[in-house]
Amino acid sequence: MTRWLPLLLRLGLLALLLAFLFRPAWFSGLLQPLVQDGAPAIYNQGDLLTLTLLHLRTVAIATLGATVVAIALAVLVTRPIGAEFLPLSRSLVNIGQTFPPVAVLALAVPAVGFGEKPTLIALFLYGLLPIFENALTGLTTLPPSVMEAARGAGMTGFQRLVRIEIPLASPVMLAGIRLSAVIGLATATIGSTVAAKTLGEIIIAGLQSNNLAFVLQGGLLVAALAVLTYDGFSALEGAAARRMGRIEA
């Protein structure tokens, strides 16, 4: 029973999340004590499900873009032809961590306007570092015996990369993508300050109207999505690790 408890808790969290998104009125009584002067307890300036889907879409696009660029850079600098670009690549991926997302938004708005685009830029830059560093670690710590066996089998460099290196490094790579996605889910809320449609819209509305119920439900929605995303990637990492064990065997 203890072994199944974490899974049951996650399924319960997913059920609560879906219930709140599809039937938010069911939770009005729980949130009503947090509001004053007859203010609405459930966010009523937009559809919660639509905001959640738009929030997830923004994070997914930014994380996918960061994944493609970061892994491509990691592959490049682990090849003999690109090894000299490692310091430059590290400097590039550190840009997003050097500038706070709010500063990136402020710089991006004059160039691309308000809305989703500046948020995508901020999340993309912010997500590069963990994916790059994990991909680099995964590709540079491969078992030497497996790599020698692949060379002895006559595999080309591209075949080793696709059939051996990336599959073996995938658990570590997925850990970086997981971290980037979870950070992105939380950071995306600031996109609403530049008119992006994210769950931050609920939090900002709550702060502006002094409605604690809005702030709480916006924060809890983001937290629930982060936990479920974390668990989803953890499951993928476990599957990749098991596959890696079969390859090494």
Sub-4.5 Å side-chain heavy-atom contact between L199 and I203: no

Residues Q217 and A41: closest non-hydrogen pair is NE2-O, 2.7 Å

Distance alone, cut at 3.5 Å: any donor-acceptor contact between the side chains of S192 and T198? yes

Test R160 against R151 for side chain to side chain contact (heavy atoms under 4.5 Å, CB included), laying out the working first. CA-CA 8 Å; R160 291 197 302 271; R151 292 189 186 94; 3.8 Å; yes

Check A70 against L128 and note the closest heavy-atom contact, atom names and distance. CB-O, 3.8 Å

Should L168 and M173 be counted in the same cluster of Ile, Leu, Val, Met, Phe, Trp and Tyr side chains packed under 4.5 Å apart? no

Considering all heavy atoms, the nearest T78-V75 contact: OG1-O, 2.9 Å

In the hydrophobic clustering that connects Ile, Leu, Val, Met, Phe, Trp and Tyr at side-chain heavy-atom distances below 4.5 Å, which members other than F158 occupy its cluster, ordered by chain and number? V162

Are V172 and F132 connected in a single hydrophobic cluster, I mean Ile/Leu/Val/Met/Phe/Trp/Tyr linked by side-chain heavy atoms less than 4.5 Å apart? no

Only pairs under 3.5 Å count here: list side-chain donor-acceptor contacts from residues 13-29, not counting sequence neighbours, and write none if there are none.
none

My understanding is that only residues two or more places apart in sequence, or in another chain, count here; which of them pass side chain to side chain contact (heavy atoms under 4.5 Å, CB included) with T187? P101, L123, Y126, I183, I190

Do L31 and L212 land in one hydrophobic cluster if side-chain heavy atoms of ILVMFWY residues count as linked below 4.5 Å? yes

Given side chain to side chain contact (heavy atoms under 4.5 Å, CB included), test L139 with V77 step by step and report yes or no. CA-CA 10 Å; L139 291 171; V77 299; over 6 Å; no

Evaluate the side chain to side chain contact (heavy atoms under 4.5 Å, CB included) criterion for residues L120 and V112: first the C-alpha distance (whole Å), next the side-chain angles of each, then the deciding distance (0.1 Å), finally the verdict. CA-CA 11 Å; L120 287 172; V112 299; over 6 Å; no

Joint hydrophobic cluster, L105 plus L54, side-chain heavy atoms closer than 4.5 Å: no

Do K197 and T58 pass the side chain to side chain contact (heavy atoms under 4.5 Å, CB included) test, and can you show the C-alpha distance, the side-chain angles, and the key distance before you say yes or no? CA-CA 9 Å; K197 288 291 184 180; T58 299; over 6 Å; no

On a heavy-atom basis, the closest approach of P110 and L107 is CD-O, 3.4 Å

Minimum heavy-atom distance between N44 and F214, given as atom pair plus value: OD1-CZ, 4.0 Å

Joint hydrophobic cluster, V182 plus I131, side-chain heavy atoms closer than 4.5 Å: no

